[in-house]
Amino acid sequence: MSFQNPVFIPGPTNMPESLRRACDMPTLDHRSSLFKDILHPALNGVRRVVKSADASVFVFPSTGTGGWETAITNTLNPGDTVLAARNGMFSHKWIDMCQRHGLTVEIVETPWGEGIPADRFEEILTADTGHRIKAVLATHNETATGVRSDIPAVRRAMDAAKHPALLFVDGVSSIGSMPFEFDGWKVDVAVTGSQKGFMLPAGLGIAVFSKQAMRAAETAGLPRTYFDIRDMAAGYAANAYPYTPAVGLLNGLKEGAAMLLDEGLENVFARHTRIATGVRAAVHAWGLQLCAVRPELYSDTVSAIRTPEGFDAARIVSHASTRYGVAFGAGLGQVAGKVFRIGHLGMLTDVLALSGIATAEMVMADLGLDITLGSGVAAAQEVYRSTATPVALAAE
Ligand SMILES: *Cc1c(COP(=O)(O)O)cnc(C)c1O
C-alpha cells in the first residue's frame, strides 16, 4: 500500500507516470547511434517550449543553479558589472553566485513581494553611458514570494536606454508553465531545470543561448570547464556529449517537452492560470494575503501566503507533513516564518489542487487559525466549476 500524496511544493513537481517511465531506461551506450534520437529531440523540444526559432540549447547534468553558472561563466569577464534586482531568495542566490565569481553586481534592492522595477533599470542603464554593465539578470518568477516579473518591460527598459547589455532570464519556475518568449522578448540566456515545468526528477540544468550570447562565449574570460558550452556544442555536433550524459533524464526531457507541446503551450498556460485562480480564491476566502503585492504580479505557478502576525508559518509546513503526509513550501530568507507556499505547477489539475487546498484548511484549523473548513475549497470550486473545459481522457 502506498500512501503517496501529490506534493504542493514549487518544485520538484509531481511526475506524470509516462515521464517516470521515460526516465527509467536500461543502460545505453551514449556513443552509439541510439543517443542522437534522444539528444536532438530533447534539445529541439526545449527550443520550442521557450519559443525560439534558432537559439542554442545546452543541457547539463546539473540543476537550475548550474544553469545560472552556465549563463555567467560563458559570457562574462572577471570584474564585469551586471545589473540585478533583489526581490526574493532566488534572485538573491544568483546575485551571490555572481559576486563569488568576482563580478560586480549593481543591486536594486526591491521589497520582497514586488517585481523587478523596470523603470529603475531604465534609469541605471541610461546613466551607464560607458556601458560598464554587461548583463541584466532577471528572475522571471520569484519562487520565494510568488511574484512574476514583467520581462518584456525589462527588455523595453534596455532598449529605451539603447544599452547593449545581454539579458539573462531565470525561468526555472516559469518555463513550461507560464508564457515565455525567448525570441519575442529578445532574451540572451534563459535558464531552467528539469524538475519544475518539465515535470521530471531534478538532475538537468538547461541554458538557452541567443546568437549574441554565443558570440560572447567565444571570448568570455571567466573560468569555465564543466559548464563550457563550447565543449558541449562540439559534443552535440558529433551527436555526443563531452562527458557521460544523464541519458534517462534526457529521454524524460524529450518526452516532457513533447507532452507540453502536445497539450499546446497556450493550453498549458491557461490551465496554470485557472488552477492558480482557484488557489487565490481560496486564499482570499481564508482572509489571508498573498506575499505578491499586486494582482499583476501574481504567479501562476506558486502562491506565497502570508499568515497572521505572530504566527510561525513554518508550523503549517511541518504539521502538514507529519499529520497528513502532504508537502507545502516553507518561507525562505526574509519571509521565513511569515509565509507558506502552495506550488501549483506541472502536472496539477483542478481536482488535485482542491485536495491541497482542503489539506491546507485542515492544517490551519488544527493549528488554531481562524479558518472555516470548506471556505477555501468552496471558493476554488466556484472558480473551477465556472471555468471547467471538457477533458479529453485520451490515452497518450
Ligand atoms: C528552483 C529554482 C532555482 C534553483 O534551481 P535548482 O534546480 O534547485 O538548482 C532557481 N531559480 C528559481 C526561480 C527557482 O524556482
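Read the numbers this way: they start at 1 and go in the same order the structure lists the ligands and their atoms.
Residues Asp366 and Arg323 approach most closely at OD2-NE, 4.2 Å, considering heavy atoms. Across all non-hydrogen atoms, the minimal contact from Arg306 to Trp112 is NH2-O, 4.1 Å. Taking each heavy atom of Cys23 and Gly252 in turn, the nearest pair found is SG-CA, 3.8 Å.
Considering backbone and side-chain N/O of Gly64, one or more are found under 3.5 Å from N/O of ligand 1. Residue-to-ligand polar distances place Asp170 within reach of ligand 1: an N/O pair is separated by less than 3.5 Å. In terms of polar-atom proximity, Trp68 is not counted as a contact of ligand 1, lacking any N or O under 3.5 Å from an N or O of the ligand.
Although no hydrogens or angles enter the test, the distance criterion places a donor-acceptor pair under 3.5 Å between the side chain of Asn251 and the main chain of Ala22. When atom types are taken as modelled, the side chain of Thr301 and the backbone of Ser173 share a donor-acceptor pair closer than 3.5 angstrom.
The closest side-chain heavy-atom distance from Asn5 to Tyr324 is not below 4.5 Å. Contact of the Phe209 side chain with the Asn74 side chain is registered, since non-hydrogen atoms from C-beta on lie closer than 4.5 Å.
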Report the C-alpha distance between Glu114 and Val293 in whole Å, list the side-chain angles of each, state the deciding distance to 0.1 Å, and finish with yes or no for side chain to side chain contact (heavy atoms under 4.5 Å, CB included). CA-CA 6 Å; Glu114 277 286 354; Val293 296; 3.5 Å; yes
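Of all protein heavy atoms, the one lying nearest to atom 4 (C) of ligand 1 is Thr65 OG1, 3.9 Å. When only non-hydrogen protein atoms are considered, atom 13 (C) of ligand 1 lies nearest to Thr143 OG1, 3.2 Å. Protein heavy atom at the shortest distance from atom 2 (C) of ligand 1 is Lys196 NZ, 2.5 Å. Ranking protein heavy atoms by distance to atom 8 (O) of ligand 1, first place goes to Gln195 NE2, 3.7 Å.
Assignment of Gly193 to the shell around ligand 1 is not supported, since no heavy atom sits closer than 4.0 Å.
Across Thr63, Thr139, Ile9, heavy-atom proximity to atom 6 (P) of ligand 1 is greatest for Thr63.
Residue contact check: Ser173 has heavy atoms under 4.0 Å from atoms 13 (C), 15 (O) of ligand 1. Contact atoms of ligand 1 toward Asn141: 13 (C) (distance under 4.0 Å to a heavy atom of the residue).
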